[in-house]
Amino acid sequence: MKAGERPKLVRGLRQESRRFRLLVIVLGFFLVSLTFVFVSKPDAILFGLNGKLPVNQAPTSILIQQKVNDEAVGEPRKTSTDALRGDPKVVDDEADVKPKGTGGGGGEEEEAGGRVLSEPDPTSGMMEPTHNKDGNGHKSDEETLGGGGDGKMKGKEEEEEEGEGEHVDQKHKVTLPTVSNYTIHDAAEDTENAKQEDNVQQGSKPLCDFSNFRANVCEMRGDVRIHPAATSVLFMEPDGSQRDEVWKIKPYPRKGDEFCLSHITELTVKSSKVAPECTKYHDVPVIIFSLTGYTGNLFHDFTDVMVPLFTTASEFNGEVEFLITDMALWWTIKYQTVLQKLTKYPVIDFSKDDQVHCVKHAIVGLHAYMEFTIDSTKAPHNYSMVDFNRFMRGAYSLDRDSVTVLGQYPKIKPRLLIIKRHRTRMFLNLDEIIAMAEELGFEVVIDEANVSSDISRFARLVNSVDVMMGIHGAGLTNCVFLPQNGTLIQIVPWGGLDWISRTDFGNPAELMGLRYKQYSISVDESSLTDQYPRDHEIFKNPISFHKRGFDFIRQTFMENQNVRLDCKRFRPILLEALDNLHP
């Protein structure tokens, strides 16, 4: 070998050695990585949730860094069990609602009623559903998320050698989002059992009932998540459940009244296997309802809210919380005496709340039936208007449960309250009416009921009388404070309004255990004779004007009409009221 070739050979061998070591390092890294993929399956962290949920649809809380390969033995792996799945069915609160006599919803009207919801809010940790426009409210199988897999977040069993021939099984602990943030062993099994128990409570009963012509109501028993920021209520389903329900509801009992409901917040009620984590826990049931609508009118305060709320909440004996959408603070102040009798807890303003409320029993909407009445055959625990009348007297601590029998106290006269009006439907001869009533032996009291009236004061006044009379209007709603067997007399203006008058006040009064008298005025008693000739169609056939709609009826027969009562013709009505006071 030549002298100059030896150094070259040495350099070549050193280079080959470095290449070999580099190759060994690369192969070693590849083998370690391959082992990590097949053993640890890190893709399950992002792509394995519920078997099918894509990473871009997973809640933010789930997309966290997890140390799987280097995790210490026995150290709990903290994961979120909450996320959201797709929505194969949408039922719209308004699409299947038609005014009385128009038939059921469906076809083009139902499709037009469907709504496309907003895109996912990355800050909420939730996904909002999108309505599939196939006319039926259903999504195809390809669109349904979470259809496969067992839907569980399973802790992975690991075996560690702690001695010669000795193996100990270690299971990852799953930290659940609870008040005490405690750690549970065998979390997958325990969670499954809890969900099964919840599902048994709900059974196969649908989450919502839209069959009532007046109001839609959803009721859920189990694991329920209320998320005001997303206007959603989620019923958590156990793994393996086939339930897939999505409902749209506006929790105000004026079903079919599009103008009214246009001011009400729409909520999404749905079944789901995943949801945002709980931030507030409730040990009592929760009722969600709205206060906007037509509140502010005394009649609607009662027929739309007070009576339905009593019907829905009474069974809980105060152990219930109210979440109010479209809050009207003045309303809660005005009726705080009643609210405090129905719930022992402060009301929650739904629209300003950023919590995720977790409850075991939730009701969305209020049970309502005909105007200002309770259908005891359908109401929870068969509540009736007699119960409501008793409740209202108790809420305001009123003294009299029943009227004073004539002759029981010789020096005490029966009391008559006349509801006075100042703008519309006024008595034009009030002094003459008072004189006639006093001649018959009544002690007459005159007062006006309006939205600004002190409810407590007016309740005590109404409860102190035996007979209350007035022209058709919201003021007659105060009959709820009359003692049992008291008498309500309603004066019906001209215009074929007998049906609406009986529906609004006659039937409710009788259902409350009151006596009811209805007096329909004649043409000569109406101030409309000062506006129209006597041979006008408005006197010959007033019913024919009803086809022009309620706005016309209200403007013509209610807002522009006063009453000059014929005392001779009306006198027998007061005599009948006196007779009702005899033993």
Side-chain angles (χ1 to χ4, degrees), residues 297-300 302-303 370-373 416-430 432-434 436-437 446 448-450 462 467-480 482 486-512 514-532 534 536-577 580:
N297 173 286
L298 186 64
F299 176 71
H300 285 284
F302 277 79
T303 189
M370 295 294 288
E371 292 286 10
F372 197 23
T373 62
L416 168 66
L417 170 62
I418 300 178
I419 303 294
K420 182 180 179 181
R421 300 177 63 93
H422 285 298
R423 294 192 300 271
T424 62
R425 283 162 280 162
M426 297 183 295
F427 285 117
L428 298 178
N429 59 332
L430 184 58
E432 183 182 357
I433 298 171
I434 294 173
M436 176 193 62
I446 308 295
E448 179 181 14
N450 54 53
V462 174
V467 181
M468 185 175 84
M469 65 174 278
I471 301 173
H472 175 79
L476 298 184
T477 309
N478 288 287
C479 66
V480 297
L482 281 172
T487 300
L488 173 66
I489 302 174
Q490 181 174 200
I491 313 299
V492 183
W494 178 261
L497 303 179
D498 299 72
W499 61 276
I500 191 173
S501 298
R502 170 160 277 282
T503 298
D504 287 352
F505 299 108
N507 295 336
E510 291 178 339
L511 290 172
M512 274 187 272
L514 305 177
R515 308 293 181 91
Y516 176 72
K517 301 295 179 183
Q518 184 162 302
Y519 177 85
S520 300
I521 70 170
S522 64
V523 172
D524 294 330
E525 295 172 277
S526 172
S527 66
L528 292 176
T529 56
D530 299 331
Q531 306 172 44
Y532 301 93
R534 294 297 296 269
H536 194 279
E537 191 70 13
I538 206 168
F539 298 122
K540 292 182 177 180
N541 187 16
I543 298 296
S544 64
F545 290 88
H546 288 203
K547 61 185 178 183
R548 301 188 185 185
F550 185 74
D551 285 342
F552 179 86
I553 294 174
R554 184 181 66 249
Q555 294 172 8
T556 305
F557 297 118
M558 296 184 181
E559 295 180 356
N560 292 301
Q561 181 176 193
N562 296 315
V563 173
R564 186 178 293 104
L565 204 62
D566 184 338
C567 289
K568 183 177 180 181
R569 181 170 178 260
F570 181 73
R571 184 184 180 95
I573 298 294
L574 284 183
L575 288 174
E576 289 182 32
N580 290 336

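Remember, predicted model here, so these are calculated numbers, not experimental data.
Residues forming a side chain to side chain contact (heavy atoms under 4.5 Å, CB included) with I573 (at least two apart in sequence, or on another chain): I489, K517, Y519, F570. Judged as a salt bridge (Lys or Arg N to Asp or Glu O under 4.0 Å), and not counting sequence neighbours, D498 has no contacts. Residues satisfying the ring-ring contact (aromatic ring centres under 6.0 Å, His included) criterion with Y516, sequence neighbours excluded, are absent altogether. Annotation: salt bridge (Lys or Arg N to Asp or Glu O under 4.0 Å) contacts of E432 (sequence neighbours excluded): none. The side chain to side chain contact (heavy atoms under 4.5 Å, CB included) check on S527 picks up L428, D530, Q531, Q561, N562, with sequence neighbours excluded. Legend: residues meeting salt bridge (Lys or Arg N to Asp or Glu O under 4.0 Å) with R534, ordered by chain and number and at least two apart, are D524. Residues meeting the side chain to side chain donor-acceptor pair (under 3.5 Å) test with T556, sequence neighbours left out: none. For the side chain to side chain donor-acceptor pair (under 3.5 Å) test, no residue two or more places apart in sequence or in another chain qualifies with T529. Partners of E371 by salt bridge (Lys or Arg N to Asp or Glu O under 4.0 Å), not counting sequence neighbours, listed by chain and number: R214, R254. Take F427 and apply the ring-ring contact (aromatic ring centres under 6.0 Å, His included) test, not counting sequence neighbours, and it matches no residue. Residues meeting the ring-ring contact (aromatic ring centres under 6.0 Å, His included) test with F505, sequence neighbours left out: F299, H472.
No side-chain heavy atom of M558 sits under 4.5 Å from any side-chain heavy atom of T424. By the 4.5 Å heavy-atom criterion applied to side chains, L497 and I553 are counted as neighbours. Residues P508 and F302 fail the side-chain proximity criterion, which asks for heavy atoms closer than 4.5 Å. Using a 4.5 Å heavy-atom cutoff, the side chains of D566 and S522 are not in contact. Counting heavy atoms from C-beta on, the side chains of V563 and R425 never come closer than 4.5 Å.
Classified by interplanar angle (parallel below 30°, tilted 30° to 60°, perpendicular above 60°), the ring pair F539/W494 is tilted.
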Inset, instruction - List the steps and the verdict of side-chain contact (heavy atoms from CB on, under 4.5 Å) for L298 and N478. - result: CA-CA 9 Å; L298 186 64; N478 288 287; 3.4 Å; yes
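Between I446 atom CD1 and L430 atom CG the span is 5.0 Å, to the nearest 0.5 Å. With values rounded to the nearest 0.5 angstrom, R502 atom CZ is found 5.5 Å from Q518 atom CD. With rounding to the nearest 0.5 angstrom, the CZ atom of R421 is 9.5 Å from the CE atom of M426. Remark: L565 CG to M469 CE distance equals 6.0 Å, nearest 0.5 Å. To the nearest 0.5 Å, atom NZ of residue K420 and atom CD1 of residue I433 are 11.5 Å apart. Residue I471 holds its CD1 atom at 11.0 Å from OG of S501, rounded to the nearest 0.5 Å.
Between N429 and C567, the closest heavy-atom pair is ND2-SG, 4.2 Å. Listed here is the closest heavy atom pair of A577 and V467: CB-CG2, 4.0 Å. The two residues E525 and I521 have their closest heavy-atom pair at OE1-CA, 3.5 Å. Contact between F545 and N541 at its shortest, heavy atoms only, is CD1-O, 3.7 Å. For the residue pair G475 and M468, the shortest heavy atom distance occurs at O-CE, 4.4 Å.
Within a 6.0 Å sphere centred on CZ of R564, other residues, nucleotides and ligands contribute 12 heavy atoms or fewer.
Judged as a salt bridge (Lys or Arg N to Asp or Glu O under 4.0 Å), the pairs with a partner in residues 546-555 (not counting sequence neighbours) are, in order, D551-R554, R554-E559.
At least one donor-acceptor pair closer than 3.5 Å links the side chain of H546 to the backbone N or O of G495.
The only option from N507, T477, L511 that meets the side-chain contact (heavy atoms from CB on, under 4.5 Å) definition with F372 turns out to be T477.
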